[in-house]
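Step one of this worksheet: look at the structure below.
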Amino acid sequence: MYKFIADEKGFTLLEMLIVMVILSILSSVAVPHFQQAIIMANTAKVQADLSALNTAINMHIIQEGFAPHDLQKDLSPYIKNIATPPKGRCFLRNGTTINIKSPAYTLNKDRDAALCQEKAYHEFGQKRESSSPSPTK
């Protein structure tokens with residue numbers, strides 16, 4: 001019924017399984033690094049946005065003599081298009097992550113700083129390791 005040719009070219013099942021195992025190992029290493037890179041990019045965007053908003057808020061306070069009431073309206077002379085927070089996770093300095101779901105940045109209760117999901121600029125970023133020297137024995 002089937003004719004087998006002696007010089008037939010192709011891959012054996014064992015070769016295909018070995019390739020699948022190698023690809024699985026590579027993807028198990030690459031995917032966490034990719035997810036980590038996305039979280040770091042989201043964190044950097046939030047920090048940059050909050051820094052720019054805080055600068056614009058300070059400029060408004062200096063020029064107008066009072067804190068802004070609305071980010072969109074009051075800061076439009078200083079920032080043309082106010083960015084929206086990224087969707088996804090961000091690092092917090094306390095060593096945890098936060099899932100950003102907020103559609104816009106907001107003002108704090110004193111209206112002198114911008115917030116992202118009720119967190120200030122200094123709360124975002126990776127946890128810093130202690131730089132103090134370890135005691136010697």
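Nothing fancy with the numbering, it's 1 onward along the sequence. Note that the coordinates shown come from a computational prediction; the quantities given were computed from them, not determined experimentally. Computation of the quantities below employed the complete heavy-atom set of this structure, encompassing side-chain atoms and omitting hydrogens, waters and symmetry-equivalent molecules.
Between His60 and Leu75, the shortest heavy-atom contact is CB-CD2, 4.0 Å. Of all heavy-atom pairs spanning Arg93 and Gln47, the tightest one is NH2-NE2, 3.5 Å. Counting all heavy atoms, side chain and backbone alike, Ala104 lies closest to Pro85 at CA-CD, 3.7 Å. For the pair Ser27 and Pro32, the tightest heavy-atom approach, listed with the atom from each and the gap, is O-CD, 4.3 Å.
Residue Tyr121 is grouped with residue Ile82 when hydrophobic side chains (ILVMFWY) are merged at heavy-atom distances under 4.5 angstrom, including chains of intermediate members. In the hydrophobic cluster analysis, where Ile, Leu, Val, Met, Phe, Trp and Tyr join through side-chain heavy atoms closer than 4.5 angstrom, Leu50 is grouped together with Ile61.
Note: Arg89 CZ to Ile100 CD1 = 11.5 Å, rounded to the nearest 0.5 Å. Expressed to the nearest 0.5 Å, how far CG of Leu92 lies from CZ of Phe124 amounts to 6.0 Å. A distance of 11.5 Å separates SG of Cys90 from CD of Gln126, quoted to the nearest 0.5 Å. Distance NZ/Lys45 to OG1/Thr84: 5.5 Å, rounded to 0.5 Å. In this structure, CE in Met20 is found 12.0 Å from CD1 in Ile25, a value given to the nearest 0.5 Å. Residue Leu107 holds its CG atom at 8.5 Å from CG of Asp74, rounded to the nearest 0.5 Å.
Within a 6.0 Å sphere centred on CZ of Arg111, heavy atoms belonging to other residues, nucleotides or ligands number more than 12. The number of heavy-atom neighbours closer than 6.0 Å to CZ of Phe11, taken from other residues, nucleotides and ligands shown, is 12 or below.
Without hydrogens or angle criteria, Lys87 side chain to Asn99 main chain gives no donor-acceptor distance under 3.5 Å. Without hydrogens or angle criteria, Glu123 side chain to Asn94 main chain gives no donor-acceptor distance under 3.5 Å.
Counting heavy atoms from C-beta on, the side chains of Ile57 and Leu71 come closer than 4.5 Å.
Applying the side chain to side chain donor-acceptor pair (under 3.5 Å) test between Asn108 and each of Thr106, Asp112, Asp110 identifies Asp112 as the sole match. If you run side-chain contact (heavy atoms from CB on, under 4.5 Å) between Phe91 and each of Ile98, Val46, Asn42, Thr43, only Thr43 comes through.
When only modelled atom types and interatomic distance are considered, Asn54 and Asn58 share no side-chain donor-acceptor pair under 3.5 Å. Counting only N and O atoms by type, the side chains of Asp49 and Tyr105 include a donor and acceptor under 3.5 Å apart.
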